[in-house]
Amino acid sequence: MSQSFPIDAIRAQFPVLNREVHGKPLAYFDSAASAHKPLAVIEAQAKYLAERHSNIHRGVHALAQEATEAYESARDTVRAHLNAASTKEILFVAGTTDGINLVAQTWGRANLNPGDCIMLTRMEHHSNIVPWQMLAEERGVEVLVVELNEDGTLDGDMFEVHLAREPKLVAFTHVSNALGTVNDVKTWTKRAHDVGATVLVDGAQAVPHLAVDVHDLDVDFYTFSGHKTYGPTGIGILYGKEALLDAMPPWRGGGEMIDTVSFEKGTTFNELPYKFEAGTPHISGGIALGASLDWMNEVGLAALTGHEHVLTMHAHDVLADIDGLTFYGTAPCKAGVVSFLVDGVHPYDLGTLLDQLGIAVRTGHHCTEPLMDKLGIPGTVRASFGAYNTVEEVDRLAAGVRRAVSMLR
Amino acid sequence: MSQSFPIDAIRAQFPVLNREVHGKPLAYFDSAASAHKPLAVIEAQAKYLAERHSNIHRGVHALAQEATEAYESARDTVRAHLNAASTKEILFVAGTTDGINLVAQTWGRANLNPGDCIMLTRMEHHSNIVPWQMLAEERGVEVLVVELNEDGTLDGDMFEVHLAREPKLVAFTHVSNALGTVNDVKTWTKRAHDVGATVLVDGAQAVPHLAVDVHDLDVDFYTFSGHKTYGPTGIGILYGKEALLDAMPPWRGGGEMIDTVSFEKGTTFNELPYKFEAGTPHISGGIALGASLDWMNEVGLAALTGHEHVLTMHAHDVLADIDGLTFYGTAPCKAGVVSFLVDGVHPYDLGTLLDQLGIAVRTGHHCTEPLMDKLGIPGTVRASFGAYNTVEEVDRLAAGVRRAVSMLR
Amino acid sequence: MASVIDARQEEIAEEFAMFGDWMEKYEHIISLGKELVPLDDADRVDDNLIKGCQSRVWLAAKKGVQGHVVFHADSDAIITKGLAALMVRVLSDAPAGDIAKADLTFLDEIGLHSHLSPTRSNGLQAMVKQMKLYGLALTAQG
Amino acid sequence: MASVIDARQEEIAEEFAMFGDWMEKYEHIISLGKELVPLDDADRVDDNLIKGCQSRVWLAAKKGVQGHVVFHADSDAIITKGLAALMVRVLSDAPAGDIAKADLTFLDEIGLHSHLSPTRSNGLQAMVKQMKLYGLALTAQG
Ligand SMILES: Cc1ncc(COP(=O)(O)O)c(C=O)c1O
Ligand SMILES: Cc1ncc(COP(=O)(O)O)c(C=O)c1O
């Protein structure tokens, strides 16, 4: 671990780390499913609710003003974090899944026609598959799937072969939640744009680990979830290029997203970003999501990436010589995740015994069934890392796996 | 005020009430827009995030188990609160607006065909208008509107006239957020069912004030928002009868809502309620929403309704003899809202000066533009009441209105 | 009069009371899983499959003598299999009516109740439900 | 050299410094609103309407002499109207270039900045933006 990474100071900010599980100190390796929250985030949310909550926009009274300013300033924090041009491009949504569905059901319905094709990859999370499958069925659209190389990277040749079919949309993940693979978003996006495709990138596993610059990547849509960036649940972000968002029809109708409503003269819609934000938003969530990005920036994104790289490397090292252990995902560029199986040991059994040792890992298909099916496995054991994990915890994990395996075999 | 309503003990649970606004103690009359949160709710959310957060369902480790149990037990709290038959009928959504859009975009798309008609009322909130307008345009469906009587109640004759057209859907609000009118949901629902219509009721302004029994009302869909029931933002409930929900196609695709996902063999969906809950849910919000209903039940729904009735009556009394003041909404059965205008005084001016006096009211069209247009007014000044308001505050409101009007005229 | 099911539950509780810590308990469960006679290929079919999201369970039921039901179970995960073996030991070859209304308290007593939680999605809870349904069906029939 | 706009802002700040409390300030703003010459019917048209959600503002601009711009404003709410009167007082009949780059600090100084917040939706912020656009357009033209 980098000498300078202030791990103790960071850990002190996560109350949950004081917990014991089954009488053992908690070692939490499930941040890819959902990260824990530092006090700064928990308190930002609680303080907002206790002291300045109100419904936002259009209110004349002081609380409404304060709440609106706090919420809109969080939007600007997100904009700056992603290096987007304008807050018009930053939509608050319920999470990554909601963001992808929004694009599928608005941009997708408006732009995809029978006979068109769209392109996904084998490593996508269900949330970047099912909305497209549902749309494809509705619109008579074909789904092309880019397969993977042995190490869990995208098969570049196949990417090009599919691209020659001129898909209208290329949607892929920035970082694989099951394998840890970091995709070269900039290069793939450029290639997709060359054939005129629109590009959506699922950033759910990237924003928690890496600096993401949507301007530099030049993606058309980018989405992530607050609960994975040390933020609250129920909130996420959909970035979209202004011109695209402007041309899209609205999705959810209701308060906030309208300009004027009339039974007789018809209804007109609000401007961006509000056009896509119907109803009372998750105000406290937006504010706390802003606080979580502030917190990440305080730690430093480079430091975070470096720390997690050390943990990932170390995990590979200490797990590698366990008898019968196979890693899934060995790309040269990985982030935050180590996935593996041990011969003759079911992941559920391993996860159950590790839990008894206070070690939280995720087992199963990680919402990537098409990938697991292709690999011919029911799932993996996945250890994923966050700012608060330590090398010592990784050693505990390895020792735990050894002990559990010896019991199970 | 009822002698026994423990107003001081209740106020002590709302930290925001200790605030001053422009140097004056805050009198918050904007609960219909969003209610404040008692400590029990703020702490339930913060405690969950600090001590037991994890992604839910499918996790083998202890935190995942605890979080899942807390979330699912909140669902059962909601079920019991609404007297629904099963937790399968209780869907967590982002709020009322999201709930109505879900029904419009699933049940609506599946069941409405060109030439059909649906029926709304003049007093609906934009959130119970725009989703239906968007759908009506998409599907070639006609929207019938029930107008109101002078006092802000539904025009029963017109209801019957429209009903004779055999609308497929009748959607209306339980309580009007602009007028306070409490609609006779049970009677209207029965009539709508008589002609074979499906009934959706917008309960956003009812659940905060009244005991609601979906079994007794026999509605098909019922929806409300957590942030108005003293709960958190970003979460709400859609109740639907199991048979209806079962027959509906899913809306948002992604993790959680699937059974199995495959590119080759197609994708199958999860059972209720999960079929409609794609992606990581707003876990802390669901738990805190449960805590807010627990809190309301501890205060006692009858006591709450009674207390707010006293406040509403008192507000009518003390405002009535202000020169040139007109009330909007004088139905015999009202809940929680007093809406008015003063001759020659713009609501914005009145709201601004009241704010200087520490009194928070809402001004404008209250997301009911079609109603305001029909009344021929740009909007009203609305004072709305919650558990924490007092008769003394209502007196301050009346005095404030007098003072402001004298400055403005 | 205590049913045969309750007697078996008591027996298991006593058996587990001997173990000092969770590790010994799990070792025992694992060994029960290993000892469980695998299902016949004829029974290890999709019709008998109870799909949990974490592990899969197969359950075969047959009519025994005197209105009894006989169960056989299997799983792809060894801990699930050991727990399934315990369920079979408690419920199999018992009167259908007793199965239908059995109150499975032994998991609580041996501290493994969480494995039967619906949130665990290991298939065990669905298996027990299925066993009781068989019991109910045969009671009605008989 | 201080621009005419800055001099006017200073004047207003001094004027408001006399008031002891918010009430006097608002009384003054209200009286400014009442005194504001109503727009001609010819100018109170939809083309000149700036729609805030809370109150509505009308803004008419005309070319004055020497590259100046002359503004007239109105509103349906009296406080908005008074504030609009102040904006007009500061920006009207000033060089187009100065209008385009004016920094309206006086609202801050008199403690009424919040009225210009985009979240207030009273139309004032959009009005100021519009005034500056006129200034910019005329600068480019001249
Ligand atoms: C009657 C009514 N319906 C619907 C809504 C919309 O609720 P939400 O904004 O929480 O989605 C509101 C609240 O503003 C309301 O008062
Ligand atoms: C790569 C990826 N995409 C999408 C999602 C879905 O995110 P959420 O459940 O927050 O909507 C996840 C998280 O589970 C993920 O890891």
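FYI, side chains are in, hydrogens and waters are out, and symmetry mates aren't considered; it's all heavy atoms of this structure. Naming: A, B, ... by sequence-line order, numbering from 1 per chain.
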Chain A contact via B:Ala104 - side chain, backbone, both or neither, heavy atoms under 4.5 Å:
neither
Side chain to side chain contact (heavy atoms under 4.5 Å, CB included) evaluation trace for A:Met257 with B:Val130:
CA-CA 9 Å; A:Met257 56 74 75; B:Val130 184; 4.1 Å; yes
Chain A heavy atoms under 4.5 Å from B:Pro250: which part of the residue, side chain, backbone, both or neither?
both
Gap separating the CG atom of A:Asp30 from the CG atom of B:Leu63, nearest 0.5 angstrom:
9.0 Å
Under 4.5 Å from any heavy atom of chain A - which part of B:Gln105
side chain
Would you say the side-chain atoms of B:Thr97 pair up with the backbone N or O of A:Gly254, donor to acceptor, closer than 3.5 Å?
no
Test A:Arg19 against B:Glu66 for salt bridge (Lys or Arg N to Asp or Glu O under 4.0 Å), laying out the working first.
CA-CA 13 Å; A:Arg19 269 196 62 158; B:Glu66 285 180 25; 2.8 Å; yes
At a heavy-atom separation under 4.5 Å, does B:Leu120 approach chain A through its side chain, its backbone, both, or neither?
side chain
Least distance between heavy atoms, B:His22 atom then A:Ala62 atom
NE2-CB, 4.1 Å
A:Ser54 and B:Ser34 have their tightest heavy-atom pair at C-CB, 4.4 Å
Run the side chain to side chain contact (heavy atoms under 4.5 Å, CB included) check on A:Thr363 and B:Arg58 step by step: do they pass?
CA-CA 8 Å; A:Thr363 61; B:Arg58 310 183 176 191; over 6 Å; no
Please state whether the rings of A:Tyr28 and B:His61 are parallel, tilted or perpendicular, taking 30° and 60° as the class boundaries.
perpendicular
Is any side-chain heavy atom of B:Thr260 closer than 4.5 Å to a side-chain heavy atom of A:Glu369?
yes
Toward chain B, the part of A:Trp132 with a non-hydrogen atom under 4.5 Å
neither
Mind checking whether A:Gln133 and B:Ile258 have side chains closer than 4.5 Å, heavy atoms only?
no
Could you list the donor-acceptor pairs under 3.5 angstrom formed by side chains in residues 279-288 of chain A, with sequence neighbours left out?
unit_1, atom_1, unit_2, atom_2, d
A:Thr280, OG1, A:Asn55, ND2, 3.1
A:Thr280, OG1, B:His227, NE2, 3.3
A:His282, ND1, A:Gly285, N, 3.2
A:His282, ND1, B:Thr233, O, 3.2
A:His282, ND1, B:Thr233, OG1, 2.8
A:His282, NE2, A:Thr233, O, 3.0
A:His282, NE2, B:His282, NE2, 3.0
A:Ser284, OG, B:Thr233, OG1, 3.2

Residue selection (most heavy-atom pairs with chain B, distance under 4.5 Å) from A:Phe92, A:Tyr348, A:Trp251
A:Trp251
Drop me the distance from A:Phe269's CZ to B:Met134's CE, to the nearest 0.5 angstrom.
5.5 Å
Counting C-beta onward and ignoring hydrogens, is there a side-chain heavy-atom pair between A:Phe263 and B:Asp373 closer than 4.5 Å?
no
Any side-chain heavy atom of B:Val60 within less than 4.5 Å of one from A:Leu354?
no
Show your working on salt bridge (Lys or Arg N to Asp or Glu O under 4.0 Å) between A:Lys37 and B:Glu51 and close with a plain yes or no.
CA-CA 10 Å; A:Lys37 325 301 173 198; B:Glu51 294 176 12; over 6 Å; no
Select all residues of residues 41-48 of chain A having any heavy atom within less than 4.5 Å of some heavy atom of chain B, and report them by number, or 'none'.
A:Ile42, A:Gln45, A:Ala46
So what's closer than 4.5 Å to chain B heavy atoms on A:Arg252: side chain, backbone, both or neither?
both
In terms of heavy-atom pairs under 4.5 Å, which option from A:Lys228, A:Glu137, A:Glu264, A:His365 contacts chain B the most?
A:Glu264
What's the shortest heavy-atom distance between B:Ser262 and A:Pro370, and which atoms?
CA-CG, 4.3 Å
